[in-house]
Amino acid sequence: MRPIVITLLTLITLISTGCTNQTSESASEIILATTTSTEDSGLLDKLIPMFEEEHNINVKTIAVGTGQALAMGEKGEADVLLTHAPEAEEELVESEDVINRKRVMYNDFIIIGPQEDPANIHGETLGDAMEKIYETSSAFTSRGDDSGTHKKELTLWESANRSPFNESWYDETGQGMGSTLQVGVEREAYLLTDRATYLAHKENFDDIVIHVEGDERLFNIYHVMQVNDEKHSHVNGTEAQLFVEFMVSTPVQAVVEEFGIDLYGQSLFIPYTE
Amino acid sequence: MDLFIEGINQAIQMIITGDREIFDITATTLRVSFTAILISTIIGLPLGIVLGLTTFPGRRLILTFVNIGMGLPPVVAGLYITMLLWRSGPLGQFGFLYTIEAIIMAQILVSLPIIIGLTSSAFQQLDHKMLLQIKALGATRFQTVTLLLKETKLAIFAAIMAGLGRVLAEVGAAMMVGGNLKGETRILTTAMVMEVSKGNFEIAIAFSFILMTLAFIITFILTSLQQRKENV
């Protein structure tokens, strides 16, 4: 038996020494709960190192749907949130679970679908498009995961006075935007997505086009906010506040404005502070 | 098929160019898997031996739980450990959530029952006459266990390999308790899930290629050790 144990031990020592120089143990760290779209787009990969260098605070980015991110804030499991569901966020502001909420940026939602356009919605207004998808029972793929995008989709159905949630042509994936996009494309369905995710995936499929865009109800506004450390004792309030201020600072806004132009020829997010 | 070849090309390129990120992710994967399996073996082997050799009240119940544990869905392990490690949870003050240690805990939870279960069934299969004979020859308890370990070597290696396979393949729990943090808790499987959701299929395939290669090398070494003839 001894040889394996020795082999394993040697391997572990080798490996452990090989990667202990990961992140230098800084004095403090914060947990940032955010949406999958900011992480998947690569924006946070650019911003977080800037913050860590500036303040020597280690940021743990947990990319989940907005619903889960807000729930983490409500429980005090995260220190700072970056989400895009203004109405749900306001509830947390009111319950004093989060404080210091600030607008950061926006991008927009779009409705995409197969080029053949079975419901004939191309170029229609947002309301008519939702109506037509419902009337023609065209395949529609929803995230169904309580994320910001899902919440937005629900308000669109609501304002069209339709509830397709039990229809056979309406699918809920319960997954992130990227995975949902892939399911939707495979099923030749319409779906609501944010432009950043769509652009990141675009090269993987040919016959999917943007059918509806530009309506102001499709604006996708991101807010940053810190979890209230007076209500939740474990929260690192000071560090969280630094992060909020960082996100709305001029240099960060400049990075946001530039981000994506080199890859997609257009900005993925547009600075939008108050 | 093009995508697959592209993925393999990408993997080879990333390895040759010494991509820092891929090195980190691979090292973290190995570190997590080996630590988890080492701890599982250190704890599981003695427990398996005791369960396999002795009889005591409640043993059958424990064995039932061990056998259920062998099929424990990793996501369940992940969920329970997450709740345990939350800041507001019982172990919250240690700040383990979203660390390597949390993933190791989850991996131990899914691999420990496999090691205990397979070890105990190996020891249960030992011939009772042999046990009597060892005792009759006056072996000390330590000598007895050493002899029996030699006898069950094949099965124990199989147990370790099964556990390691489970740990290397695990993704759900690692995602939940580790948070897939770049440079910290990102392992090959969670990185693959992330790259797929980003639409970067060729990077995901590259990761899969590295993972499979690792699995092959490790299993090959263990199999050789298992099949090695005792030259005593």
[X] atom [atom1]: more than 12 heavy-atom contacts under 6.0 Å:
X	atom1	value
Asp2(B)	CG	no
Tyr80(B)	OH	no
Gln266(A)	CD	yes
Glu186(A)	CD	no
Met83(B)	CE	yes

| task | Mind ranking Lys75(A), His234(A), Glu77(A) by heavy-atom pairs under 4.5 Å with chain B and telling me who comes out on top? | result |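 Answer, by heavy-atom pair count under 4.5 Å with chain B: Glu77(A).
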Segment of [X] engaging chain B (4.5 angstrom heavy-atom cut-off):
X	answer
Val64(A)	neither
Met72(A)	side chain
Gln182(A)	side chain
Ala78(A)	backbone
Glu39(A)	both

| Any sub-3.5 Å donor-acceptor pair from His201(A)'s side-chain atoms to Ser197(B)'s backbone N or O? |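 Yes, because the side chain of His201(A) sits within donor-acceptor range (under 3.5 Å) of the backbone of Ser197(B).
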| task | State whether the side chain of Asn204(A) and the backbone N or O of Gly199(B) hold a donor-acceptor pair below 3.5 Å, judged by distance alone. | result |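 Side chain of Asn204(A) to backbone of Gly199(B), a donor-acceptor pair under 3.5 Å: yes, one is there.
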| message | Testing the basics here: between Thr99(B) and Lys60(A), what is the closest heavy-atom pair and its distance to 0.1 Å? | response |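 Closest approach of Thr99(B) to Lys60(A), heavy atoms only: CG2-NZ, 3.4 Å.
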| query | Asp79(A) and Arg87(B): which non-hydrogen atoms are nearest, and at how many Å? | reply |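 Result for this residue pair: OD2-NH2, 2.8 Å.
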| Name the one of Asp45(A), Ile48(A), Thr61(A) that satisfies side-chain contact (heavy atoms from CB on, under 4.5 Å) with Lys182(B)? |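 Single pass found, and it is Asp45(A).
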| Sub-4.5 Å side-chain heavy-atom contact between Leu181(B) and Ile62(A) |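 Yes, their side chains come closer than 4.5 Å.
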| task | Could you check Lys198(B) against Thr197(A) for side-chain contact (heavy atoms from CB on, under 4.5 Å), going step by step and ending with a plain yes or no? | result | CA-CA 8 Å; Lys198(B) 280 182 173 179; Thr197(A) 310; over 6 Å; no
